[in-house]
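Below, chain A is the first sequence line, B the second, and so on; all start at residue 1.
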Amino acid sequence: MKMTKRELFLVFILGFVSIVGLMFFFLIQPLQMKLDGNTVTLEALEAQKTMIESNAVTNGEKAKQVETRTIEVGALLNQFATPMNEAQFDQWVLPILQKYNSKLIDAQFDEPMVVQPAALELLYSKPVYDVKTWVDEIHGIEPIFTDQPVSTNMLLMSVHMYKFRGTYENYRAVMNEISAWNTTIYVGNSVYDFTTSEAVITFNVYMVDKLVPEANPHVYVSQ
Amino acid sequence: MKRNDMNLLESYNSIEKIKKGQSKDGLLFVGITVTAFLIMGAYGFKLSIDNLMVEDRITDLNAYLTSPQVAEKLAQDTKNQADLVRLADIETQVKSMYEVLDFIPVYDERILDIIFENRPDSIHYTKFNYDQNTVAIEYYEHFPVSASAFTLRLLETGIFEDVSYTGYQYDKTAGVYRGQILCIVKGGY
């Protein structure tokens with residue numbers, strides 16, 4: 001069978017396109033896609049490696065930073081009383097009462113509760129009315145807003161009550177010892193009855209778990 | 001009109017010339033096709049080699065990244081980072097709580113001393129009752145003359161937000177006047 005030049009050219013074009021097309025779709029394109037995918041994976045892994053290597057350099061610094069921050073934050077936490085049960089708290093108070101010859105009449109202990117710290121239940125505020133405000137304005141007196149700080153964070157609180165008999169001097173000395181604790185143990189309520197020589201002290205003990213064990217645990221030692 | 005010169009050579013030559021031209025074209029087409037095939041094959045081969053190299057590198061990197069030392073380093077780094085974040089959280093919370101606790105009035109011997117130091121001689125205490133931030137001073141005196149002066153003196157000390165009294169009553173049985181003075185201790189004192 002004889003083909004004309006034009007037919008031959010058409011057969012050539014068809015063959016050429018077929019071969020090139022088949023090779024592109026079945027060889028080049030899959031290989032290229034695979035290479036692209038692998039390149040992306042490789043770049044990600046190399047980035048990870050670079051990160052790890054740079055981290056390896058800063059890891060020591062970071063560990064040091066953690067150490068420093070632990071000490072700093074630990075010091076802040078150490079301003080709070082360490083969580084303690086009633087027996088441990090009793091060991092703070094009883095030596096003081098003994099020291100000042102106070103006769104213990106009653107003691108009551110509450111289990112620790114998780115609470116929001118509150119400074120005051122009632123905040124005193126001076127009366128305000130229009131004329132006073134305007135007079136103050138004329139005199140250039142800035143209004144004073146009494147405000148107390150508020151925190152929504154939680155901590156532990158126990159309430160412990162001691163009732164004892166002793167002279168006023170003894171009561172004062174006990175109060176003096178308590179204020180020297182310099183921690184987050186507050187006298188929430190206290191009564192001294194001069195007629196019966198009976199005193200009641202109710203402690204609000206605010207406690208937080210510690211980050212760093214205290215070098216000198218804040219344990220009361222009778223002097 | 002019938003031709004009498006039967007010179008077939010001329011037509012033979014022209015046919016051969018066409019045939020030669022056709023075979024030359026065919027060779028050219030085949031050449032181009034084979035060249036294209038070879039070029040694409042070579043490119044495919046290059047891609048395969050590249051792929052192999054990249055895969056080798058990936059295998060090496062995977063081996064490095066999954067090695068116990070690196071895993072340990074990574075874990076340590078992650079832990080350090082998490083610890084720093086937690087420490088910052090603790091610091092924020094603790095500062096906020098301490099600010100509140102620091103505002104709680106402190107009822108101690110200093111306040112007791114101030115109440116005693118400013119007491120007029122005629123006033124006799126019967127009870128001190130401190131609750132939250134208020135000290136209620138219960139007293140008696142033979143003549144109701146000193147409560148006001150005592151209240152004003154306590155106000156002047158500056159450690160109380162307010163000092164007030166609601167009055168006094170005569171106790172017939174004891175023959176004395178009894179009253180109560182309320183002192184509100186300042187927050188943060």
Do M40(B) and F24(A) pass the side chain to side chain contact (heavy atoms under 4.5 Å, CB included) test, and can you show the C-alpha distance, the side-chain angles, and the key distance before you say yes or no?
CA-CA 8 Å; M40(B) 293 198 80; F24(A) 180 78; 4.0 Å; yes

Measure across F12(A) and I32(B) and return the closest heavy-atom pair with its distance rounded to 0.1 Å.
CZ-CG2, 3.7 Å

Decide if atom CG of D106(A) counts as having more than 12 heavy atoms of other residues, nucleotides or ligands within a radius under 6.0 Å.
yes

What are the two closest non-hydrogen atoms of L101(B) and P117(A), and how far apart are they?
CD2-CB, 3.8 Å

With respect to chain B, which residue among Q32(A), M23(A), E72(A) yields the maximal number of heavy-atom pairs within a distance under 4.5 Å?
M23(A)

For R69(A) against E91(B), the heavy-atom pair lying closest together:
NH2-OE1, 2.7 Å

Answer key: most heavy-atom pairs under 4.5 Å with chain B among V20(A), L211(A), V11(A), L27(A) is V20(A)

For each of K49(A), Q65(A), M51(A), tally heavy-atom pairs with chain B at distances under 4.5 Å, and name the one with the top tally.
K49(A)

For the residue pair F194(A) and F128(B), categorise the inter-ring angle as parallel (less than 30°), tilted (30 to 60°) or perpendicular (more than 60°).
perpendicular

May I ask you to check whether over 12 heavy atoms, not counting those of Y170(B), lie within 6.0 Å of atom OH?
yes

Rounded to the nearest 0.5 Å, how far apart are CG of L31(A) and CZ of F45(B)?
11.5 Å

Nearest heavy-atom approach of V66(A) to L87(B) is O-CD1, 3.9 Å

Of all heavy-atom pairs linking T33(B) and F16(A), the shortest is CA-CD1, 4.0 Å

Under 4.5 Å heavy-atom distance to chain B, tell me which part of E46(A) shows up: side chain, backbone, both or neither.
both

Would you call D113(B) and R172(A) a salt bridge, taking side-chain N to carboxylate O under 4.0 Å as the test?
yes

Under the 3.5 angstrom rule, does the side chain of N189(A) hit a backbone N or O of Y130(B) as a donor-acceptor pair?
yes

Nearest heavy-atom contact between L84(B) and K62(A) is CD1-CG, 3.8 Å

Is it true that atom CE of M113(A) has more than 12 heavy atoms of other residues, nucleotides or ligands lying nearer than 6.0 Å?
yes

Picking from T196(A), V187(A), L45(A), which has the most non-hydrogen pairs under 4.5 angstrom with chain B?
L45(A)

Heavy-atom pairs under 4.5 Å with chain A - which of S96(B), A36(B), A136(B) has more of them than the others?
S96(B)

In residues 149-158 of chain A, which residues are in contact with chain B at a heavy-atom separation under 4.5 Å?
P149(A), V150(A), S151(A), N153(A), M154(A), L155(A)

Strictly less than 4.5 Å between heavy atoms, which residues of residues 33-40 of chain A line up against chain B? Please order them by number.
K34(A), L35(A), N38(A), T39(A)

Crowded around Y64(B) OH? As in, over 12 foreign heavy atoms under 6.0 Å?
yes

Which portion of I28(A) sits near chain B, non-hydrogen atoms under 4.5 angstrom:
both

Ring centres under 6.0 angstrom apart (Y168(A), F116(B)):
yes

